[in-house]
Asker: 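Take this structure, written in structure tokens, and hold onto it; I'll ask about it next.
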Amino acid sequence: MLNAAQERAVAHLSGPCLVIAGAGSGKTRVITHKIARLLRAGLEPEQIAAITFTNKAAAEMRERAAQLVDKRGVAGKLAISTFHALGVRMLRESGEALGLKPRFSILAADDVTGLLRDAGATTDNAQARRWQWTISLWKNAMLTPEAAARVAENDDERVAAKVYARYADMLQAYQAVDFDDLIWLPVTLLQQHAEVREHWQSKLRYLLVDEYQDTNAAQYDLLRLLVGDKGRFTAVGDDDQSIYGWRGATLDNLRRLETDWPTLEVIKLEQNYRSTNAILRAANAIIQSNPKLYPKSLWSEHGEGEAVEVRAAQNEDEEAQMVAARIQALRSGRNAELAHIAVLYRANHQSRPLEQALRRANIPYVVSGGQSFFDRAEIKDVCAYLRLLANPDDDPAFLRAVTTPRRGIGPQTLAALSSFAGQWKISLFEALSRDSMPAAVGARPSDHLREFGRLLHDIEWRARTAPAGELLREMLETIGFRAWLEEHSDNPREAEQRWKNVDDFCGWIERKAEEDKVGLTQIAQTVSLITQLQERGDQRDAVTLCTLHAAKGLEWPHVVLAGCEEGLLPFFTEDRPLTPAALEEERRLMYVGVTRARQTLVLSWCQKRKQGRGAAGRTPSRFIDEMQTGQPKVSNKDAAMARIAALRSRLGAAAEESAEAKP
DNA sequence: TTTGCGGTCCTTTTT
DNA sequence: GGACCGCAAA
């Protein structure tokens, strides 16, 4: 069943273990078998934690573990989750030590942008997003607002540090956390409270970390605090597949492992069970231009297979048509199932022309990742009600719910209510029930507000007994949500689609409530962490469209990698030049894409691609060249562009300085 | 004061 | 093609 290296990785239980797992070398199999081995060695299932990066990977891991060990629902007790879900669990159970109530809200990225606009007193969304980016990196590096202010190197960063401090206060007031907090608050918790640390160390006796190369500094700290000094963990990763540097992931974590744990056992998995040699050779030719942390050479017993194809198209529409034709050919020519075909790309917006072409050709598809179900406006509206129900301190949720649908409450009223709540240092929701509220906002608006408050109180009361799905549907009926969607859609078709989304969401809540035997309030607490609903059964036989990042860890017999062009893969723009480090990461991304394919692989690129209003001429990705020659391709243009960009940013900074000096 | 409408800008990758 | 801003009407 297991090869020699896999068996060694599974058998090593006595100390820390690092498994360097090449693409397709069976790392999920190693993790699941190791879980089985740990159970046999006497650990209770709830003492074993397996940590992944995506919900999808966690779900797959759960399923594979269940196949292997399931008797009496043992697999269901395993702590298999994403880093972030584990963080939520820790904070719900032990977060009070940090002043966080168990019913805290989890904010989505858009909510955070909105708060940062407020915190920085600006309407500039782009600026807010830049702050968001900076603050996120700070949190991932475990920097408090005070520490950030100390390390800030220029005025921009000093302003960002101030915004960060205000933002942190707002989160505290709203009893809300963002995604980064889900890692860094648990770290703080374990650092500052010895009894909590001991509690969790004895609760989770063995940790298995998947995609270890993508951990950032905060995640490493969390890992170390959880395993204590016993080193009861296995990290599985591949330095060639590290593609989250932009999120603070660092290969230092891979290097640190050997210094922090001298007894670390390092095991390499080099036999590939996935791809043909033609595909592996292409992958190796690309990745060999990168410096190596753990050199390895992948080999496969599968035959040579079909050659990797490169195809050029005129523009993205033609590329999409070509992809559709390719899929038809795979289907009719070799009876390929649609579920065995994937189209991968660098950026989410590339899915649009592809989707159009597939619809025209009547090819069913699912877009994985990208604009998630929960990003849709109508779903966020419903979630705002749920969040408010779970956590009445959640002012952002209050603001969204109270204005959706319109109920005669506008910005003026809300500004008055906010300043009233601010005076008393209470949440907006709590402000509703204060006797002096009507005097602050006026008689008529206060009636509307009170009515909204009664609605929520009523739902909250009934949530204790009524089934979640039923209650939710009833609430949507009461607020006239369907009618509101109809009014606010451009056409009946769109309204219908949006209502269907809401209806699917209600159905999902219903099932979830049944399965977990929980009420609406508890579901509301976890909703922000879920990124996608379970695929519906009727879409089983469908082509997968997804980004390269979302494709990591997955595989398909037939893969098309679209948009293999300079500027897109590797990605760069005029003001974001390609640094050597970025180029290496883009190359790893390409490597990840190529190694998703089992049997056939097509790389396509466009001679022209729409950019803003016009269309820009494009050249094929240097990775295509590297794949064919096995040599890194360095162009003078890169060096020149990097120089120009550096010059420009210097000039820009100088211009800003002189502009600031004038007034 | 609230709400609806039309023009403008922007689009790397994710939990 | 979507989110957001500014403007005009109820």
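Per chain, numbering begins at 1; letters A, B, ... match sequence-line order.
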Asker: Report which part of the nucleic acid A:F83 touches: base, sugar-phosphate, or nothing (heavy-atom distance under 4.0 Å, all strands).
Answerer: nothing
Asker: Does A:N348 put a side-chain nitrogen or oxygen below 4.0 Å from OP1 or OP2 of B:dT13?
Answerer: yes
Asker: Look at the side-chain N and O atoms of A:R129 and state whether any lies under 4.0 Å from the OP1 or OP2 oxygen of B:dT11.
Answerer: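 Yes, such a contact exists.
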Asker: Would A:W246 count as stacked on B:dT13 if the rule is ring centres under 5.5 Å and plane angle under 30°?
Answerer: yes
Asker: I'd like to compare against my own output: the B/S/- annotation of nucleotides 5-10 of chain C with a strict under-4.0 Å heavy-atom distance to protein.
Answerer: S-----
Asker: Is it true that the NZ or CZ of A:R588 lies under 6.0 Å from the centre of A:Y591's six-membered ring and within 45 degrees of the ring axis?
Answerer: no
Asker: Between atom CG in A:N216 and atom C1' in B:dT14, what is the gap in whole Å?
Answerer: 12 Å
Asker: Under the rule for salt bridge (charged side-chain N to carboxylate O under 4.0 Å, His left out), what residues qualify as partners of A:K27, not counting sequence neighbours?
Answerer: A:D210, A:E211
Asker: Would you kindly give the CZ-to-P distance between A:R352 and B:dT11, to the nearest whole Å?
Answerer: 15 Å
Asker: With side chains defined as the heavy atoms from C-beta onward, is the minimum distance between A:Y345 and A:T547 less than 4.5 Å?
Answerer: yes
Asker: Roughly, in whole Å, what's the span from CD in A:E211 to P in B:dT14?
Answerer: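 Rounded to whole Å, this separation is 14 Å.
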Asker: For A:R92, what residues pass the side-chain contact (heavy atoms from CB on, under 4.5 Å) criterion, not counting sequence neighbours?
Answerer: A:V88, A:F104, A:I106, A:Q525
Asker: Indicate every side-chain donor-acceptor pair of residues 409-419 of chain A with a distance under 3.5 Å to a residue at least two apart or in another chain.
Answerer:
| residue | atom | partner | partner atom | Å |
| --- | --- | --- | --- | --- |
| A:S418 | OG | A:L414 | O | 3.0 |
| A:S419 | OG | A:A416 | O | 3.3 |

Asker: How close or far is atom P of B:dT1 from atom CZ of A:R444, stated in whole angstroms?
Answerer: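 It is 11 Å, rounded to the nearest whole Å.
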Asker: Can you pull the salt bridge (Lys or Arg N to Asp or Glu O under 4.0 Å) pairs that have at least one residue in residues 349-359 of chain A, sequence neighbours excluded?
Answerer: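 Checked against salt bridge (Lys or Arg N to Asp or Glu O under 4.0 Å) - neighbours excluded - no pair reaches residues 349-359 of chain A.
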Asker: For A:R387, enumerate each residue passing the salt bridge (charged side-chain N to carboxylate O under 4.0 Å, His left out) test, keeping only those at least two apart in sequence or located in another chain.
Answerer: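 Counting only residues at least two positions away or on another chain, A:R387 forms a salt bridge (charged side-chain N to carboxylate O under 4.0 Å, His left out) with A:D111, A:D394.
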Asker: Specify the separation, in whole Å, of atom CG of A:D180 and atom C1' of B:dT15.
Answerer: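 Taking CG of A:D180 and C1' of B:dT15, I get 9 Å after rounding.
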Asker: Which residues satisfy the salt bridge (charged side-chain N to carboxylate O under 4.0 Å, His left out) test with A:D240, sequence neighbours excluded?
Answerer: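 A:D240: salt bridge (charged side-chain N to carboxylate O under 4.0 Å, His left out) contacts with A:K292, A:K296.
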Asker: A:K552 NZ to B:dT15 P: how many Å, rounded?
Answerer: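 It works out to 11 Å between those atoms.
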Asker: Report the nucleotide, chosen from B:dT13, B:dT12, B:dT15, that has the shortest atom-to-atom distance to any side-chain atom of A:R576.
Answerer: B:dT12
Asker: Report, one pair per line, the protein and nucleotides 2-4 of chain B atoms (nitrogen or oxygen only) whose separation is under 3.5 Å.
Answerer:
| residue | atom | partner | partner atom | Å |
| --- | --- | --- | --- | --- |
| B:dT2 | OP1 | A:G410 | N | 3.1 |
| B:dT2 | OP1 | A:T413 | N | 3.3 |
| B:dT2 | OP1 | A:T413 | OG1 | 2.5 |
| B:dT2 | OP2 | A:Q412 | N | 3.0 |
| B:dT3 | OP1 | A:G408 | N | 3.1 |

Asker: If I take atom CH2 in residue A:W133 and atom P in nucleotide B:dT11, what distance separates them, rounded to the nearest angstrom?
Answerer: 12 Å
Asker: From CD of A:E585 over to P of B:dT14, roughly how many Å is that when rounded to an integer?
Answerer: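 It works out to 13 Å between those atoms.
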Asker: Do A:H84 and B:dT15 have a side chain to base donor-acceptor pair shorter than 3.5 Å?
Answerer: yes
Asker: Could you tabulate the donor-acceptor pairs under 3.5 Å formed by side-chain atoms of residues 181-190 of chain A, not counting sequence neighbours?
Answerer:
| residue | atom | partner | partner atom | Å |
| --- | --- | --- | --- | --- |
| A:D181 | OD1 | A:K139 | NZ | 2.7 |
| A:D181 | OD1 | A:W184 | NE1 | 2.9 |
| A:D181 | OD2 | A:K139 | NZ | 3.3 |
| A:D181 | OD2 | A:D178 | N | 3.0 |
| A:T188 | OG1 | A:W184 | O | 2.8 |

